[in-house]
Amino acid sequence: LPQTGFITFTACVIDVAIGYTLFSAFGYSTPLALLALCKVLHTLVAAIPLTPNATGAPYLSVAYLLHQQAGITPEVLAAGIALSL
């Protein structure tokens, strides 16, 4: 169990770091805490039976949060979602 937890935690840290690097490449300095919150929000929305990952609802909720809190434009968010997939 500790090894599985470590691997999961490491994957999450890498995912947040990739998001930070991606938005930095577009010229946006997004706080790591906000990106970690987005990861949690995506997971929680995807866990709702009516909004699985394939519906796009988790991505939309994260995009809305990033647009409101970090001021990232919709064009950059669309490119970021496309590149992260």
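Along the sequence shown, residues carry numbers from 1.
- Once rounded to the nearest 0.5 Å, the distance linking CD1 of Ile7 with SG of Cys12 reads 12.0 Å.
- Expressed to the nearest 0.5 Å, how far CG of Leu77 lies from OH of Tyr64 amounts to 12.5 Å.
- Taking 4.5 Å as the limit, every side-chain heavy atom of Ile72 sits out of range of all side-chain heavy atoms of His67.
- For Gln3, the CD atom is loosely surrounded, since the number of other residues' heavy atoms within 6.0 Å does not exceed 12.
- With a 4.5 Å cut-off on side-chain heavy atoms, His42 and Asn53 count as touching.
- What you find for Val45 and Ser61 is that their closest heavy atoms are CG2-OG, 3.7 Å.
- In this structure the side chain of Leu66 reaches within 4.5 angstrom of the side chain of Leu35, judged on heavy atoms.
- Tyr28 and Ala70 get closest at one heavy-atom pair: CD2-O, 4.4 Å.
- Within the model, atoms CD1 of Ile48 and OG1 of Thr51 stand 4.0 Å from one another, a figure rounded to the nearest 0.5 Å.
- Linking ILVMFWY side-chain heavy atoms closer than 4.5 Å, directly or via other members, places Val13 and Ile18 in two distinct hydrophobic clusters.
- For Tyr20, the OH atom sits in a loose shell: 12 or fewer heavy atoms of surrounding residues, nucleotides or ligands are nearer than 6.0 Å.
- Counting heavy atoms from C-beta on, the side chains of Ile81 and Val62 never come closer than 4.5 Å.
- Residue Pro52 comes nearest to Pro58 through the heavy atom pair O-CD, 3.7 Å, listed as atom of the first residue, atom of the second, then distance.
- When side chains are defined from C-beta on, Ile14 does not count as touching Phe9, because their heavy atoms never get closer than 4.5 Å.
- Taking CG from Leu34 and CG from Leu65, the interatomic distance works out to 5.0 Å, rounded to the nearest 0.5 Å.
- Val16 and Val40 fall into different hydrophobic clusters, where Ile, Leu, Val, Met, Phe, Trp and Tyr side chains are chained together by heavy-atom contacts under 4.5 Å.
- To the nearest 0.5 Å, the span separating CD on Gln69 from CG on Leu37 amounts to 8.5 Å.
- Criterion: ILVMFWY side-chain heavy atoms under 4.5 Å apart, direct or through other members. Under it, Leu32 and Phe26 are part of a common hydrophobic cluster.
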